[in-house]
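First up is the structure itself, then whatever we jot down about it.
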Amino acid sequence: MAQPRDHGGTEGMPPVPPPPGDAGGATPDDTGGTGPDSTGSPSDEPASANPGSADPDAGTYVGPVTSLWARTPLRVRLISIVTIMLLTGLGISMMLTSTVLSRYLTNQLDSQLRVTVENTQVISQAIDQFRSSGQSYLPNDYYILAFFEEGSSVTFVNSTTTQRYGVPALTAYTFAGKTQPSTVFTINSVAVGDNGGSSDWRAVGFTYPDGGVKGYLAVPLEPVEHTVSQIQRILLVSTLVLTTLGGAIGYVAIRRSLRPLHTIERTAARIADGDLSQRVPQAPRTTEVGSLAHSLNSMLAQIEQSFDAQEASEARMRRFVSDASHELRTPLATVRGYGELYRMGALTTPEAMDDTMRRIEDSATRMGTLVNDLLALARLDEGRAVRTDPVDLRVLARDSVDDLHALDPSRTVRLTALDGVSPAPPATVVGDEDRLRQVLTNLIGNVARHTPAGTAAEIALGPSADGRSVVLEVRDHGEGIPEDQAHRVFERFYRADSSRNRSSGGSGLGMAIVAAIVGAHQGTVTVDRTPGGGLTVRAELPASRADGVAPVPAPPS
């Protein structure tokens, strides 16, 4: 039962709390000029506090200091990002849900107040009961403050409500300050008694001209706030649980997704230890890891090939130095030996002196030839451009036939077409005549040196199948060369006779010079077996255009 309390107008009413901002105190922004500069410019910071910037005085770039985030493993970074995103998204969702729910419940409460004021049934019954019996009964947690025309006021409220929520701080002054009596507003409460509760209230004014009554109808906001608080706690727990589960699932998923990267890391470590045969396991190239694995395997294959080529080059260089030293050691030892004989006085007759000088001259000639060959190879290796004059290989081949016949008159030497029957056709190429003549000189010298006297030989000329090259073949009908050694014919200092006896051949640079000169003319040279026995050296050179001025590009260095 609500006990009406006659306040006798406005006397005895609780004081109106001052509105916020009227205390006359300083606002948080009123710092008295002691705060930071309004622009927020860190003008007083030292220059060294900005790593990673260019130093204008030194003219160099100062690298940034490695931060904790930069030192954090990628797995931890990804998990942190996923967790922060989950926490942020769920936190924003929780705040939006709480705000929407609070506004929805408050609007429902406001609608309830407006409907009650417009129907006037509850308020009229309470006032009529008070006038007739001096007491009134109110349903729920309503609070009514009524002002009569004679200036008195009365409050209608349930005692249980006042104990739980207190009473709203409503006065006649509060009502006078409202432009529209039907406007719903929030007001603070005042505790009643020592154990009285405290809660905000939603209140609306009413006016009944017929009865000469005006006042307020209010309802506590504590049930709404309690419901919103409960929802917030539920959402908070859900956010923490979902964030934890999301972080755990993300950790497993990210760890599983990054497993191929750990495999790549272990493979790279084994490669760093020197095992260049290691390869990264393949994955679908539609994925980033698969594309990375494919690129790494391609790079590793090229690196392995480069190392193999480098090791082969070093082996060839060591063999080249060893062979060159061996070839020069014999004539140098001969010259030195005969010099010592002369110094010791062992050459007592003119015949001995003449023989000694002849041998010294032969050794010097051999050394000169070897040095000239090495110099020619070195110049060709430098990639110097060759001359681009029109050269008729048929003329050079005819001269070579005469030279080979002069070396061995018993040998049958012919100049033919590639079919071996027709006469040799004109074959014009663009290049250096002296270098091309050296090619033929070395080839016929090789025939004269490595085939028995009287063995027939042919020099064949003709166009290639596509007509863009000129083919030159030097064929002999000797013993030939074993197939397992054919690929080494053009190696420097290579000789079939491993003893390197002077009588069995030259220094082993003739065919290497042939290959180098043909390569400098952008051609190719190969060896094959001659039908019926023997060796055929086949060289293909780019054919000249009709104007005879087709350039021959220099080979890459």
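This one's a predicted model, so the numbers in the text were calculated from it and none came from an experiment.
Taking every heavy atom of both residues into account, Ala460 and Ala417 meet most closely at CB-O, 3.6 Å. The two atoms that bring Ala539 and Val518 nearest to each other are CB-CG2, 4.3 Å, heavy atoms only. Leu541 and Gly523 make their closest contact through CD2-CA, 4.3 Å (heavy atoms, listed as atom of the first residue, atom of the second, distance). Across Leu407 and Ala448, no two heavy atoms sit closer than the pair CD1-CB, 4.2 Å. In this structure, Arg475 and Leu418 approach most closely via the heavy-atom pair NH2-O, 3.0 Å. Asp275 and Ser277 get closest at one heavy-atom pair: OD1-OG, 2.6 Å.
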How far apart are the C-alpha atoms of Arg411 and Thr451, what are their side-chain angles, what is the distance that settles it, and do they pass the side-chain hydrogen bond (donor to acceptor under 3.5 Å, both in side chains) test?
CA-CA 10 Å; Arg411 189 186 300 268; Thr451 58; 2.9 Å; yes
Please test Asp355 against Arg359 for salt bridge (charged side-chain N to carboxylate O under 4.0 Å, His left out), starting from the C-alpha separation and ending with a verdict.
CA-CA 6 Å; Asp355 182 68; Arg359 293 177 182 274; 3.0 Å; yes
Salt bridge (charged side-chain N to carboxylate O under 4.0 Å, His left out) between Asp402 and Arg398, intermediate numbers included
CA-CA 7 Å; Asp402 296 338; Arg398 188 180 294 115; over 6 Å; no
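Here Leu393 contributes atom CG and Arg437 contributes atom CZ; the two are 10.5 Å apart, rounded to the nearest 0.5 Å. Separation of atoms CD1 (Ile444) and CG (Asp408) is listed at 11.5 Å; rounding is to 0.5 Å. Separating the CE atom in Met511 from the CG atom in Leu443 is a distance of 5.5 Å, to the nearest 0.5 Å.
Remark: side-chain polar atoms of Asn297 are paired, donor with acceptor, to backbone N or O of Val280 under 3.5 angstrom. With hydrogens and angles disregarded, a donor-acceptor distance shorter than 3.5 Å links the side chain of Asn442 to the backbone of Gly510. At least one donor-acceptor pair under 3.5 Å links the side chain of Asp476 to the backbone N or O of Leu535.
Other residues, nucleotides and ligands contribute only 12 or fewer heavy atoms inside 6.0 Å of the CE atom of Met85. Atom CE of Met299 has more than 12 heavy atoms from other residues, nucleotides or ligands within 6.0 Å. The environment of Arg285 atom CZ is sparse: at most 12 non-hydrogen atoms of other residues, nucleotides or ligands sit within 6.0 angstrom. Within a 6.0 Å radius of CZ in Arg336, no more than 12 heavy atoms belonging to other residues, nucleotides or ligands are found.
Remark: Asp362 does not engage Arg366 in a salt bridge, criterion side-chain N to carboxylate O under 4.0 Å.
Ser80 places a side-chain heavy atom less than 4.5 Å from the side chain of Val76.
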Result block: side-chain N/O donor-acceptor pairs under 3.5 angstrom for residues 237-252, not counting sequence neighbours:
residue: Ser238; atom: OG; partner: Ile234; partner atom: O; Å: 2.8
residue: Thr239; atom: OG1; partner: Leu235; partner atom: O; Å: 2.7
residue: Thr243; atom: OG1; partner: Thr239; partner atom: O; Å: 2.6
residue: Thr244; atom: OG1; partner: Leu240; partner atom: O; Å: 2.7
residue: Tyr251; atom: OH; partner: Arg255; partner atom: NH1; Å: 3.4

Would you mind writing out the side-chain donor-acceptor pairs for residues 93-103 within the sub-3.5 Å range, not counting sequence neighbours?
residue: Thr97; atom: OG1; partner: Ser93; partner atom: O; Å: 2.7
residue: Ser98; atom: OG; partner: Met94; partner atom: O; Å: 2.9
residue: Thr99; atom: OG1; partner: Met95; partner atom: O; Å: 2.8

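Side chains of Glu458 and His477: a donor on one and an acceptor on the other come within 3.5 Å.
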